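A quick note: this is a predicted structure, and the numbers were derived from the prediction, not measured. For the numbers below, each heavy atom of this structure counts, side chains included, while hydrogens, waters and symmetry mates do not.
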Amino acid sequence: MAELTLRKRRPPEDPPLSPQPSRRLLRVSSSSVEVVHLSSEDDDDDEDEDDDEIEVVKIVKSKKQVHFDEVEHEVYYFKPYPVELVHDETLCSPNRSAVNSSKMTAEYTVLSSRHGRARRQLRNISKMDLRAAIKHGIKTPAHPNLLTGARRWKFTFKNVVYITDETCRQEITSYIEAMQIKPFPLTIPMMSRHEEVKRILKEEPHLCVGHTYIIIDQSGSMRNSDVNGFRDRSHAAYGTLALDFIAEQLSSRPNREDLFAESVTVVEMRNEGEIVHDRQPFDWILFNRLVRRPDISRPFSHGNYNKSLCLVRDLIIKEYNSLVESGAEEHELPKFNVVFLSDGKPSDDTRVFDQQRVDILSSLTAPLQSKFSLYAMGVGAKEADFTALANMVDTVKNTGGTGQFVHAGLSAVTMSTSFSAISSALTSARTELLTGKNDASPKTHVKKDFTMRETGKIVGKVFPIEKFINGKGYTVKRFRFDKDLNERGQSPWKDVGFAAHGANGFEMEIRPLGEGAERLAYRFNEIKYDKTKVVKKVGKLMVAKKSIRANEKETKEDFHKDFCRVQNVAYDLAEKFNHAVRQATPLKAVSGETRPPELKFVLCHVYTYTNHETKEDTGVLVERFLPGKFTKYNSNNGYVREANSGVHNTRTIELMSGKVRLEEFVQAFSHWVYVHTNHTMVVCDLQGVLNEEGRYPEFLLTDPAICTRKPPRYGKTDMKLSGIRNFCSTHRCGLVCRGLGLPCITSSLANNDKKKS
């Protein structure tokens, strides 16, 4: 991960001392030098501050380093005060320690102050380090004392800064010069996307696939400066959290839908638990906030584990109960993760408090089981006592949850590795939710043994068929599904007779012409068998659909009822959608000679044939044949047909709101159903043809899937909440969605911005 560190180094050449007291910034590059003014600031919060300006040389390194925005690394060198302000050149020569290089480090005399000793002890800096800095470090002017005006010097050596008086013998203070993590550059689409996901997490919490609660110890001991490269332990905790937990997942998963609706809550632990970021989207805006947090939050007081754990427990139980009440099944629940980071034993460390922690964690694992994970990380020296953290993880494991304890020590590398391991675990849980792999229902089945029908121009070839004639060994009937009867609890099947006049049977090719996830499609015709004993095809060509699974009982009740019910519900919803489109002013066509396309689902019937000898009753689903280019527009697994996939069905229409592709109405229909049904269902797996033979274009669709959050379910293709999450994670809102007034799920503008980047 790229970092931007401001470091004080010796420049290649000593810049000449100016006899004038002017203080300017010289910007040095390979092509130009420009002069600008720079106000003096010091990173040390223990020093007195001054508003005067000092001279600074800004040198741009010629070798590029990798950063978030690929900007060249910049290093600043502070130039000393003008020569007339330095009254003792032999003692305090500019830009380097004026010492005898042959003198041993231990021979340097440095007088300690009470404040300086306290600061060095807190930040794990030895007096020998201070002497080494005076001998080897880079020497620059520090801010003078505001009360007396006495000048001070700053020595920088190995990322540690020491402040002395003007004689370079009296210690004032010292501190670690920490790395600076550069914020990620944000774009307007990113910020819009952030607000969209915040709305989704608030109004549609069932779409959340994971919620991580991060508890960060901010007690007084987190001020210790003993983690290399960071100002203190608090800075190290937030820095590695931002880089190796947030940024790593965002960078390694460039598709936004991979982290579609995940939330993060950050709690700081002191005497009480305090929520500092509540249900924030997992994005670069959260990364920037975590990077800035150490500059806002200061460690102090005690670290009581139980109060922070109680706060998080109450939030998780509230969210869990809300999801269960809304109809979410156990395998559809999001993953609840708690990341607990502390640098030592809890302040509430008695047997009573220990038992309270066991009770708190057990109350989470009891309902959630494997849906709850605790990742505990100890940040401290090897001898630090992390028994409480380890016991917390053991409690979670022993009561049905999962967890891991890591003693990261005082190494930023180990902390980084630990956060990376947590990220991998969350990725696996996210994938299971979005793909439905943890669904308890069976997913495997045995296919029938079949050979596909030949395609292309076939002249004079006769394909094998099977015939079923009423009264010739079979009883053949045609039924229509009646949804009103079904809703009243009655038999939904009505005997409606054959479609073509005089028909008394049907014939169907043995080899399928198409294969789907659940069905095989065959060419189908009604036939007429009269006294002449000649079989004639009557009526139009149709398509029969049978199960792709072997040993499937294909009766109208067992197999075809769900399909007919889905088709009828989709048909009614499409009629309402067409009406909503006609009423939307932004979606009216500019030209009066055309109008937006309508969506129509073809109605289906079930033909049954009962064998007179075996009494076996079998049914086959039949619907009209759809001529033209058959296209799949979306699916119940999250697939969405991209605008540039193929050359078919790319016709556009000029609306009052702008120019749109006709296909956009199909995608908007799924979104409209989701909103129209109060976020309880999605009609997806949309496929069919664009019919332009009439005056106005229309989409003829078939074989949809309905995914629902609550019963009743809609057959084998109902992927329930997983299907809804899949659709919402990949849908791209466009002009049609906005024209219908639908709340934005994802924006096509943001998607285009992603591709450009």
Side-chain angles (χ1 to χ4, degrees), residues 480-481 483 513-519 521 524 540-545 560 562-582 595-605 621-643 645-646 648-651 653 660-674 676-677 681-694 696-708 714-719 723 726-727 730-731 734 736-737 740:
R480 176 173 61 84
F481 180 86
K483 62 181 180 61
L513 60 88
E515 176 186 357
E518 294 290 333
R519 301 172 184 87
F524 180 98
K540 296 181 179 180
L541 174 65
M542 292 184 281
V543 173
K545 295 183 178 179
H560 302 300
D562 285 333
F563 181 91
C564 293
R565 179 165 157 257
V566 169
Q567 200 97 328
N568 275 265
V569 171
Y571 180 92
D572 291 342
L573 289 170
E575 290 295 308
K576 295 177 181 178
F577 171 77
N578 294 334
H579 177 74
V581 170
R582 289 192 295 269
R595 69 182 185 190
E598 291 191 344
L599 274 61
K600 293 184 179 180
F601 286 88
V602 296
L603 294 177
C604 56
H605 294 80
L621 188 79
V622 179
E623 61 188 25
R624 62 182 285 192
F625 179 80
L626 299 179
K629 175 63 178 179
F630 196 88
T631 304
K632 195 176 188 72
Y633 300 102
N634 62 32
S635 179
N636 56 358
N637 63 6
Y639 164 78
V640 174
R641 184 174 186 270
E642 298 292 342
S645 57
H648 299 285
N649 298 349
T650 55
R651 263 204 55 197
I653 183 173
V660 301
R661 294 183 306 114
L662 296 184
E663 280 188 23
E664 196 171 314
F665 285 88
V666 181
Q667 307 295 350
F669 169 68
S670 296
H671 187 185
W672 179 87
V673 170
Y674 176 65
H676 179 74
T677 59
M681 74 165 57
V682 164
V683 179
C684 53
D685 208 8
L686 301 180
Q687 52 201 314
V689 299
L690 174 62
N691 179 24
E692 299 185 89
E693 294 180 357
Y696 303 115
E698 62 180 4
F699 285 97
L700 299 177
L701 305 173
T702 182
D703 206 5
I706 295 181
C707 299
T708 57
Y714 288 84
K716 297 182 177 67
T717 57
D718 184 351
M719 291 185 63
N726 288 335
F727 165 76
T730 55
H731 173 69
V736 179
C737 291
L740 290 168

| field | Listed partners of Val543 passing side chain to side chain contact (heavy atoms under 4.5 Å, CB included), at least two apart | value |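 Only Ala521, Lys545, Phe625 meet the side chain to side chain contact (heavy atoms under 4.5 Å, CB included) criterion with Val543.
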| side chain to side chain contact (heavy atoms under 4.5 Å, CB included) involving Val683 - partner list, sequence neighbours excluded |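 Side chain to side chain contact (heavy atoms under 4.5 Å, CB included) check on Val683 returns Ala570, Leu573, Phe601, Phe669, Val673, Leu686, Pro704, Ile706.
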| Are side-chain heavy atoms of Val581 and Trp672 found at a separation under 4.5 Å? |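 With C-beta onward as the side chain, the pair stays apart.
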Of the non-hydrogen atoms in [X] and [Y], which two are nearest, and what is the gap between them?
X	Y	result
Gln667	Tyr633	NE2-O, 2.8 Å
Cys564	Cys604	SG-SG, 3.5 Å
Glu692	Pro697	CG-CB, 4.3 Å

Could you state the interatomic distance from [atom1] ([X]) to [atom2] ([Y]), rounded to the nearest 0.5 Å?
X	Y	atom1	atom2	answer
Leu690	Phe665	CG	CZ	12.0 Å
Asn634	Arg641	CG	CZ	11.5 Å
Tyr639	Cys684	OH	SG	13.5 Å
Asp718	Thr708	CG	OG1	3.5 Å
Leu626	Phe699	CG	CZ	13.0 Å
Asn637	Thr730	CG	OG1	8.5 Å

| Does the side chain of Thr717 pick up a donor-acceptor pair with the side chain of Glu518 at under 3.5 Å? |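 Short answer, no.
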How would you list, by chain and number, every residue that makes a salt bridge (charged side-chain N to carboxylate O under 4.0 Å, His left out) with [X], sequence neighbours excluded?
X	answer
Arg624	none
Arg565	none
Lys632	Asp685

| Set of side chain to side chain donor-acceptor pair (under 3.5 Å) partners for Asn568, sequence neighbours left out |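 Result, side chain to side chain donor-acceptor pair (under 3.5 Å) vs Asn568: none returned.
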| request: Report the residues that fulfil side chain to side chain donor-acceptor pair (under 3.5 Å) with Arg519, sequence neighbours left out, ordered by chain and then residue number. | output: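 Arg519: side chain to side chain donor-acceptor pair (under 3.5 Å) contacts with Asp703.
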| said: Less than 4.0 angstrom from a charged side-chain N to a carboxylate O is my criterion; do Glu698 and Lys600 meet it? | reply: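 Looking at Lys600 together with Glu698, the answer is yes, because their closest N to O distance falls below 4.0 Å.
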Who passes ring pair (Phe, Tyr, Trp, His ring centres under 6.0 Å) against [X], sequence neighbours left out?
X	result
Phe481	Trp493
His605	none
Tyr674	His679
Tyr714	none

| Does Asn636 use its side chain to pair, donor to acceptor, with the backbone of Cys707 at less than 3.5 Å? |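 No, Asn636 side chain to Cys707 backbone: no donor-acceptor pair under 3.5 Å.
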| query | Looking only at atom types and distance, does a side-chain atom of Gln567 sit under 3.5 Å from a main-chain N or O of Val602, one as donor and one as acceptor? | reply |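 Such a contact is found between Gln567 side chain and Val602 backbone.
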| query | Restricting to pairs with a member in residues 568-582, which pass salt bridge (Lys or Arg N to Asp or Glu O under 4.0 Å), not counting sequence neighbours? | reply |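 Only Lys483-Asp572, Arg582-Glu598 qualify under salt bridge (Lys or Arg N to Asp or Glu O under 4.0 Å).
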